[in-house]
Amino acid sequence: MTEIPKTYDPKEAEQSHYARWESEGYFAPEINKDPDAPVFSIVIPPPNVTGSLHMGHALQHTMMDVMTRHKRMCGYRTLWLPGMDHAGISTQLVVSRELKKEKLTRHDLGREKFVERVWQWKAESGGQITKQIRREGASVDWSRERFTMDEGLSRAVREVFVRLYEEGHLYRGARIVNWCPTDQTVLSDLEVEKTPQSGQLYYLQYPLKDNSHHLTVATTRPETMLGDTAVAVHPNDERFQSLVGQTVLLPLTGREIPVIADEYVDPEFGTGAVKITPAHDANDWEMGVRHGLPQVFVIDQNARMTTDAGPEFEGLDRYKAREKVIEKFQELGLLEKVDEYEFSISKCERCKTVVEPLISTQWFVRMDEMRDLALDLKREEGKPRFVPESYEKVYTNWLENLRDWTISRQLWWGHQIPAWYDEEGNVYVARDEAEACAKAGTDKLTQDQDVLDTWFSSALWPFSTLGWPELTEDLRTFYPTTVLVTARDIIFLWVSRMVMEGLKFTGKEPFQDVFVTGTVLDKHGQRMSKTKNNGIDPLEVFDKYGVDATRLALASIGSTDTRWNDKQVESYRNFANKIWNAARFCMMNAESAESSVNAFDGDRANLPLHDRWILSRLNKTARDVNAALEKYDFHEAVQTLYHFFWDDFCDWYIELTKANVTAEEPSAERTIARARLIWVLEQSLRLLHPFMPYLTEELWQRLPVKHGELLHAAYTRAAPTIMLAGYPQPDAELIDERAESEMRAVIDLVSRVRNIRSEMNIKPGDRVPVLIGAADDRLRTAFTENTDQIARLARASAVSIGAQLEAPRASARAALAGGAELAVPLEGLIDFEQERARLQKDIDKLQAEATKLTAQLANPQFVDRAPAEKVAEARERIADITARISVLTETIEAFK
RNA sequence: GCCCGCUUGGCUCAGUGGUAGAGCACUCGCUUCACACGCGAGGGGUCAAUGGUUCGAAUCCAUUAGCGGGCACCA
């Protein structure tokens with residue numbers, strides 16, 4: 001056993017175990033043979049097939065894996081379904097960029113060849129992602145891996161489209177939309193990002209037709225004036241009362257346009273008069289509809305001016321046109337002024353091009369019915385439940401203001417819209433071309449060239465991946481899923497849409513809970529992003545500190561934003577090493593300890609204190625960790641495990657049993673001590689496993705235990721793995737407050753002696769006598785029964801215990817809780833001055849607390865109104881503190 | 001403009017009504033036969049500010065300030 005290295009090398013464990021877990025089928029729900037097993041299911045938020053995984057993915061995957069492994073060990077039939085998203089725009093952009101290197105455009109290839117090329121690219125990039133997910137240790141069921149463009153999922157997409165159409169929720173029409181001139185496609189409102197921008201506000205004068213007056217309008221986009229079809233003022237604005245209904249002669253075009261009144265106009269802003277360009281501004285478009293204004297298209301899909309913009313402008317880029325319009329106004333003396341102005345501008349989320357609002361024929365979904373389904377579910381049943389709760393408001397507020405969803409995209413990569421047109425332009429929406437032909441009564445049909453928004457298919461993910469629209473066994477078993485884990489930035493884009501579509505098409509919510517993770521920020525508190533190039537690659541962190549350590553660091557982040565800190569991971573790397581070495585110690589001393597299943601069986605009341613204590617601590621840990629995981633409190637779970645293992649198990653339990661465990665001669669005592677040590681270690685490894693899968697499996701496999709007997713009942717026929725061992729559940733009978741309090745006294749005693757040794761500069765190797773006085777029988781018994789351990793841990797030459805402390809004057813002393821006293825005789829070594837100072841420090845600390853407590857108890861309000869239990873507690877504490885103060889004071893007096 | 005979150009030791013963060021916590025960093029001492037990625041002992045915080053509720057507030061409420069995020073508007 002001595003061949004176990006002193007330092008844990010994560011690489012080795014990370015290489016071997018995953019492949020075995022996967023090939024043994026441990027990740028698949030079928031491994032669970034209990035027909036009555038409860039079900040836990042979760043679908044992965046499908047990463048974009050374009051990207052590589054970033055820290056945010058690693059964070060989410062850690063949370064999901066912890067939950068899945070935990071539930072699996074608890075005997076649940078678990079499914080964590082993996083997959084990827086085809087990510088329409090991003091992917092098309094990436095592949096187009098590749099083509100550009102070959103001096104080709106997608107148009108050179110043509111649609112079919114281009115899409116083929118994307119599939120090739122997907123195979124490569126997707127392979128990278130699945131590799132990364134495996135590296136994370138994610139216990140996903142690869143046999144159920146899905147891709148949003150799989151045949152099955154595509155079928156679900158068409159089915160949903162057809163049903164929405166047939167029920168009248170879909171329409172195709174010309175509306176004002178967000179157009180990206182670079183990507184040449186429409187974007188939904190959610191795919192547009194607003195960025196602040198400093199620019200100019202131009203004040204343009206429009207003369208009235210009769211030339212009696214002029215109106216001044218303010219605009220940030222002068223070039224759109226070429227498409228103006230009205231000037232609007234507020235109906236109650238007295239300045240313009242007389243002008244409403246008059247006609248303005250639009251400069252540069254000579255067109256006559258009316259002055260109209262509309263409530264939308266803010267009289268306070270600009271001049272109070274607004275130019276209206278229905279074809280190139282969303283608000284103006286709406287106003288145009290209200291007032292029946294004509295639409296004059298002056299900017300085309302390439303963001304260049306059209307013929308209708310006039311011969312001087314035709315063909316100009318929108319920004320060039322802006323300059324020219326300003327120039328002309330200046331020449332005509334119609335440019336009143338130009339102000340510097342801060343405003344925000346809409347950009348394409350993907351390529352950052354400034355979006356051009358255009359009128360275009362697109363497919364839209366009316367969201368009212370689905371929105372109401374989601375809102376009702378929230379109102380009536382509180383589903384889904386958000387953790388943290390604060391996101392519920394964000395979710396419902398957004399739903400309440402939901403507008404129609406633009407779902408067509410002018411791309412090639414995606415689900416082609418299942419709509420066909422005949423030669424007259426009539427539309428036939430169908431599940432496939434044959435059905436469309438049947439409906440049309442002709443086979444001379446052309447399919448709509450557009451594809452659907454990526455999020456259209458993502459919205460179906462929780463059920464399309466399980467076989468919908470077929471009522472498959474998987475769908476029946478795993479839907480609704482248990483919980484969705486996600487980052488907050490896709491609550492609208494994705495979460496809300498899944499709820500709406502899920503309710504609409506399956507009649508059930510797609511998940512019961514939504515757990516929203518925090519965000520990993522860089523060390524300056526900035527979001528990690530590709531453009532800022534401040535991201536940290538999880539793979540590099542894995543290489544440096546190990547996957548398990550990284551997972552612990554990520555799990556502790558929970559749902560608050562946290563600045564990334566290597567030091568944190570390093571400390572968990574150290575923790576992993578600590579576990580490794582604790583196990584190493586146990587195994588180095590395991591001979592003859594091939595343990596029975598429970599080394600603590602038998603008369604538990606007669607176990608030694610440290611055994612009763614560790615059982616109590618272990619069961620409390622199991623209780624707290626299970627409870628923390630139930631409420632998605634990963635931070636709490638990690639802290640509980642960390643401190644149990646390091647503080648309780650390593651610092652105290654191992655040290656307390658060390659004498660027995662390492663005894664030279666074999667004995668029944670030695671055997672049982674060894675078996676118990678291994679038993680506690682084994683339980684600890686199970687508790688840690690969901691967080692640290694590799695290390696725990698590596699060690700567990702090496703333990704001298706009967707592995708097969710440790711599996712959860714649901715997995716009895718599986719080849720042994722800690723993955724399928726039962727997750728420790730608390731046994732209330734083993735939680736022993738008396739043992740814990742007695743052990744605390746022992747620990748306190750040892751710590752006080754060590755403190756004296758350290759403060760008095762006693763050499764680590766020197767042994768000193770320790771004298772203890774404890775009037776309390778129970779305490780005295782506890783000390784007496786643990787004399788050997790106390791001597792060992794305090795490095796005492798002898799420990800003598802009596803009801804009264806009898807110690808020479810030249811001793812260092814301490815007063816313990818419970819009225820116990822302690823002295824370390826230091827004849828010839830003691831510096832009375834120093835000892836007085838040390839004691840005075842103790843007294844001061846106690847005195848400060850006593851003062852507070854005395855004041856509290858002197859307050860009749862406290863005694864009357866505070867719970868009796870709190871008052872009693874305060875009384876006990878003050879009594880104890882007073883006793884200790886008087887002991888210490890007497891000691892100091894004696895030194896004088 | 002509206003909404004949400006954060007502000008706790010040098011740093012990163014827990015704690016959410018009853019004695020201020022952890023890890024890292026810092027100081028001192030240790031090759032104590034699992035571990036120096038370690039062991040032992042320490043120092044360090046008026047819990048952003050003000051006001052209120054309460055016997056009692058880091059914790060609940062209000063206001064303010066700073067930081068971060070979201071939504072809307074932006075002629």
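Comparing the C1' positions of B/U54 and B/G44 gives an interatomic distance of 32 Å, to the nearest angstrom. Only the P atoms considered, B/U46 is 8 Å distant from B/G10, to the nearest whole Å. Using atom P as the reference point in both B/U50 and B/A65, the two lie 15 Å apart (nearest Å). B/U16 and B/C74: their P atoms are spaced 43 Å apart (whole Å). Here the separation of B/G18 from B/U59, taken at their P atoms, is 11 Å to the nearest Å.
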- Message: Between A/Asp228 and A/Tyr206, is the side chain to side chain donor-acceptor pair (under 3.5 Å) condition met? List the steps.
- Response: CA-CA 11 Å; A/Asp228 282 2; A/Tyr206 289 3; 2.6 Å; yes
- In sequence, state the C-alpha distance, the side-chain angles, and the governing distance for A/Thr519 and A/Ile557, and then conclude on side-chain contact (heavy atoms from CB on, under 4.5 Å). CA-CA 8 Å; A/Thr519 309; A/Ile557 287 175; over 6 Å; no
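Among B/U12, B/A14, B/C71, the nucleotide with an atom closest to any side-chain atom of A/Phe492 is B/C71. Counting only heavy atoms from C-beta on, A/Ser390 has its side chain closest to B/C4 among B/C35, B/A22, B/C4. Ranking B/A34, B/C24, B/G40 by closeness to the A/Ser571 side chain, first place goes to B/C24. Side-chain proximity of A/Gln568 to the nucleotides B/A34, B/C74, B/U12 is greatest for B/U12. Among B/C39, B/A25, B/C37, the nucleotide with an atom closest to any side-chain atom of A/Asn577 is B/C37. The side chain of A/Arg795 lies closest to B/U32, out of B/A36, B/C73, B/U32. You'll find that the side chain of A/Ala866 is closest to B/G18, out of B/C24, B/G18, B/A34. For A/Lys6, counting side-chain heavy atoms from C-beta on, the closest listed nucleotide (B/C35, B/C73, B/G23) is B/C35. Nearest to the side chain of A/Arg754, among B/A34, B/A41, B/C73, sits B/A41. Taking every side-chain heavy atom of A/Pro764 into account, B/C30 is the closest of B/G5, B/C30, B/C74.
By the 6.0 Å and 45° rule, A/Arg497 stacks over the aromatic ring of A/Trp405. Cation-pi geometry between A/Lys194 and A/Phe343 is not met: the NZ or CZ atom fails to fall both under 6.0 Å from the ring centre and inside 45° of the normal.
By the 30° and 60° cut-offs, the orientation of the rings of A/Trp646 relative to A/Tyr642 is tilted.
Under 4.0 angstrom from either OP1 or OP2 of B/G42 there lies at least one side-chain N or O belonging to A/Asn755. Considering only side-chain N and O atoms, A/Asn283 lies under 4.0 angstrom from the phosphate OP1 or OP2 of B/C74. Residue A/Tyr264 places at least one side-chain N or O closer than 4.0 Å to OP1 or OP2 of B/C74. Between A/Asn565 and B/C24 there is no side-chain polar atom (N or O) within less than 4.0 angstrom of OP1 or OP2. Between A/Lys393 and the phosphate of B/C3, there is no side-chain N or O to OP1/OP2 separation shorter than 4.0 Å. The shortest distance between the side-chain N/O atoms of A/Trp564 and the OP1/OP2 oxygens of B/C13 is not below 4.0 Å.
A/Thr219 comes within contact range of the sugar-phosphate backbone alone, with a heavy-atom separation under 4.0 Å but no base atom that close. At the heavy-atom level, A/Lys578 lies under 4.0 Å from base atoms of the strands shown. Using a 4.0 Å heavy-atom distance criterion, A/Arg563 is classed as a sugar-phosphate-only contact. Across all strands, A/Ile276 comes closer than 4.0 Å to no nucleic acid atom at all (heavy-atom distances). Residue contacts shown for A/Tyr391 are absent, as no nucleic acid heavy atom lies under 4.0 Å away. Within the nucleic acid shown, A/Lys658 comes within 4.0 Å of at least one base atom, counting heavy atoms only. A/Asp489 comes within contact range of no nucleotide atom at all, as no heavy-atom separation falls under 4.0 Å. Using a 4.0 Å heavy-atom criterion, one finds that A/Tyr8 contacts no nucleic acid atom at all. Residue A/Asp266 is in base contact, counting any heavy-atom pair closer than 4.0 Å across all strands shown. Residue contacts for A/Lys852: at a heavy-atom cut-off of 4.0 Å it reaches the sugar-phosphate backbone alone, with no base atom in range. Within the nucleic acid shown, A/Thr519 has no heavy atom closer than 4.0 Å to any nucleic acid atom. Among the protein residues, A/Pro860 comes within range of no part of the nucleic acid, since none of its heavy atoms lies under 4.0 Å from any strand. The residue A/Glu636 sits apart from the nucleic acid: no heavy atom pair falls under 4.0 Å. Heavy atoms of A/Cys650 sit under 4.0 angstrom from at least one base atom.
Once rounded to the nearest 0.5 Å, the distance linking OH of A/Tyr572 with CG of A/Asp548 reads 13.5 Å.
Spacing between atom CG of A/Leu402 and atom P of B/C71 amounts to 14 Å, rounded to whole angstrom units. If you measure from atom CH2 of A/Trp646 to atom P of B/A22, you get 14 Å, rounded to the nearest angstrom. Distance, A/Glu876 CD to B/U19 C1': 14 Å, rounded to whole Å. One can place CG of A/Asn401 at 11 Å from C1' of B/C3, the figure rounded to the nearest angstrom. As a whole-Å value, the separation of A/Lys841 NZ from B/C28 C1' is 12 Å.
Checked by atom type, the side-chain pair A/Asn755/A/Arg752 shows no donor-acceptor distance below 3.5 Å.
Comparing A/Gly270 and A/Lys845 by the nucleotide of RNA chain B that holds the closest heavy atom to each, the one mapping nearer the 5' end is A/Lys845. Along RNA chain B, the nucleotide closest to A/Val863 and the one closest to A/Lys275 are compared, and the more 5′ of them pairs with A/Val863.
A donor and an acceptor atom sit less than 3.5 Å apart, one in the side chain of A/Glu655 and one in the base of B/A34. A donor and an acceptor atom never sit less than 3.5 Å apart when one is taken from the side chain of A/Arg584 and the other from the base of B/C35. In the interface, the side chain of A/Ser344 is paired with the base of B/C74 through a donor and an acceptor atom under 3.5 Å apart.
The ring pair (Phe, Tyr, Trp, His ring centres under 6.0 Å) test with A/Trp580 is passed by exactly one of A/Tyr8, A/Phe575, A/Phe585: A/Tyr8. With A/Asp844 as the fixed residue, the side chain to side chain donor-acceptor pair (under 3.5 Å) test singles out one of A/Gln840, A/Gln847, A/Lys841: A/Gln840. Here the options are A/Asn534, A/Asp522, A/Leu521, A/Val569, the test is side chain to side chain contact (heavy atoms under 4.5 Å, CB included), and the partner is A/Trp564; only A/Val569 passes.
A distance of 6.0 Å or more separates the ring centres of A/Tyr391 and A/Tyr395. Aromatic ring centres of A/Phe634 and A/Phe515: separated by under 6.0 Å.
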- Query: When Watson-Crick pairs (N1 to N3 and N6-O4 or O6-N4) and G-U wobble pairs (N1-O2 and O6-N3) count only below 3.5 Å on both distances, what is the dot-bracket string of RNA chain B, with | for other-strand pairs?
  - Reply: ((((((((.[[[[.)..(..]]]].(((((.......))))).....[[[[[..)....]]]]])))))))....
